[in-house]
Amino acid sequence: MLTPALLLSLTLAQSTPASDAVLEYSAPLAEAGTPAPEDFAFTAFTAGQQVYLGVDEANLRASAAADAGVVKTLMLGTPVRVLKAGTRARVGEYINSWYQVAVVDAKAAPGAAPVSGWVFGNTLTPFRFEADLDGDGEMEVATVVMSNEFKARVRVLEPNVKPPRRVSSVDVAVASTDYGGGRGGPVKVTLVPAKQAGVTLLQLDSTPERCGDYVTSYVSYTGSNGKAGVLGKAKLALELGGLMDPPNESSFEVSFQPAAKRALVVRTSVEEEEEGKPRKVTEREVYQWQDGVFAQAKPVAKP
């Protein structure tokens, strides 16, 4: 269980993700089997950068090897500072780099040497959020990493629930960096406060620089019914997709009505007709908050 002192240590080390922070894990489609290790693309962290452990827990190891001695076991959300990057390697089903890191401990005595060791890159993330996601009066910790299935995996830690069942997770699709020819891509994550949406959400935007599809997803964490110390459930609350492939385009804009816990989506599509002229169509959709998700409301029948 997280002690108050440990939670305070994590809180003091918390920082808002940089505006340009991005997480990526992608690879081209292989004709047979798995792509070569050199074909994988993933976020590289640099010396001096502060990142966080994004998985339930991971071992800090004495050297850059999966079977190296364990220095310490780190828990989800633990802040670490990158000392240096190691070589690209395969560990289990992941391709990534090893990183030598120092554990950031806000409660350490002045001048004390930080605990350091090696962790594999797939366990690290620039995205860590601390907020009362389920409205129970307690602060949860949320992180985002990439799964081996090339999806963004959102984890939420309930601090006052005993292990092992104190983390809920949900996978979210990301847009491919290679439209039609690859798997995985980049994702940026922001926190949407309850005063904006009616409920606290994590917003994940996956928008590759190249032409192709893009995705915006909202993740919720609910289910405790306001009871502290009860593990809720992370859910994909709303997922919206668009396409940027000129002259054909499909876009959307989202706005919220927080008092009504309602999401309004305006979709705009542009298609080239046979005469070469573009045809623009705009549609409006209403989504109502219900059981942790935004469900599309049925249009009211006209008399």
Given 3.5 Å as the limit, does a donor-acceptor pair link the side chain of [X] with the main chain of [Y], or not?
X      : Y      : value
Asn59  : Arg61  : no
Glu93  : Asn148 : no
Lys188 : Thr207 : no
Gln100 : Gly86  : no
Arg153 : Met146 : no
Arg88  : Phe40  : yes
Glu158 : Gly229 : no
Thr43  : Glu24  : yes
Ser206 : Val215 : no
Arg279 : Glu271 : no

For the residue pair [X] and [Y], establish whether any side-chain heavy-atom pair is separated by less than 4.5 Å.
X      : Y      : answer
Leu23  : Pro126 : yes
Val115 : Asp105 : no
Leu201 : Ser220 : yes
Val51  : Val80  : yes
Thr282 : Arg284 : yes

**Request:** Please step through side-chain contact (heavy atoms from CB on, under 4.5 Å) for the pair Tyr221 and Asp132, ending with a clear verdict.
**Result:** CA-CA 9 Å; Tyr221 176 73; Asp132 183 5; over 6 Å; no
**Val286 vs Leu264, side-chain contact (heavy atoms from CB on, under 4.5 Å): CA-CA, chis, key distance, verdict** = CA-CA 5 Å; Val286 178; Leu264 307 179; 3.9 Å; yes
So, for [X] and [Y], which heavy atoms are closest and what is the spacing to 0.1 Å?
X      : Y      : answer
Leu236 : Ser217 : CD1-CB, 3.8 Å
Leu53  : Thr143 : O-CG2, 3.8 Å
Leu133 : Ala142 : CD1-CB, 4.1 Å
Ser176 : Arg183 : OG-N, 4.0 Å
Val156 : Ala234 : CG2-CB, 4.4 Å
Val187 : Ala152 : CG1-CB, 4.4 Å

Residues which pass ring pair (Phe, Tyr, Trp, His ring centres under 6.0 Å) with [X], listed by chain and number, not counting sequence neighbours:
X      : result
Phe256 : Tyr218, Phe294
Trp118 : none
Phe42  : none
Phe127 : none

Look up atom [atom1] in [X] and atom [atom2] in [Y], then write down how far apart they are to the nearest 0.5 Å.
X      : Y      : atom1 : atom2 : result
Leu157 : Glu57  : CG    : CD    : 11.0 Å
Thr190 : Leu204 : OG1   : CG    : 8.0 Å
Ser116 : Leu60  : OG    : CG    : 7.0 Å
Met244 : Glu249 : CE    : CD    : 4.5 Å
Leu83  : Gln49  : CG    : CD    : 12.5 Å
Phe129 : Tyr52  : CZ    : OH    : 9.5 Å

**Asked** Looking at Arg267 and Glu283, does any basic side-chain N land under 4.0 Å from a carboxylate oxygen?
**Response** no
**Fill in**
Note: with side-chain heavy atoms under 4.5 Å as the link, the other cluster members for Val22 come out as none
**Message:** In this structure, would Leu240 and Val270 fall into the same cluster of hydrophobic residues linked by side-chain contacts under 4.5 Å?
**Reply:**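 Different clusters: Leu240 never reaches Val270 through Ile, Leu, Val, Met, Phe, Trp or Tyr contacts under 4.5 Å.
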**Asked** Given the rule that I, L, V, M, F, W and Y join up when any side-chain heavy atoms are under 4.5 Å apart, are Val293 and Val154 in one cluster?
**Response**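 Result: no, two separate clusters.
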**Asked** Any side-chain donor-acceptor pair under 3.5 Å between Thr222 and Asp134?
**Response**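 No, no side-chain donor-acceptor pair sits under 3.5 Å.
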**Prompt:** When you look at Val254 and Thr216, which way does the side-chain contact (heavy atoms from CB on, under 4.5 Å) test go after all the steps?
**Reply:** CA-CA 10 Å; Val254 183; Thr216 292; 5.7 Å; no
**Asked** Should Lys72 and Leu74 be marked as a side-chain contact (heavy atoms from CB on, under 4.5 Å) after you check the CA-CA gap, both sets of side-chain angles, and the distance that decides it?
**Response** CA-CA 6 Å; Lys72 184 178 183 179; Leu74 306 179; 4.2 Å; yes
**Request:** Fit a plane to each ring of Tyr94 and Tyr25, take the angle between them on a 0 to 90° scale, and name the class: parallel (under 30°), tilted (30 to 60°) or perpendicular (over 60°).
**Result:**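 Plane angle between 30° and 60°, so tilted.
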**Item:** Ring-ring centroid check Tyr99 Phe45, cutoff 6.0 Å
**Value:** yes
**Request:** Could you list the residues that satisfy salt bridge (charged side-chain N to carboxylate O under 4.0 Å, His left out) with Glu149, not counting sequence neighbours?
**Result:** none
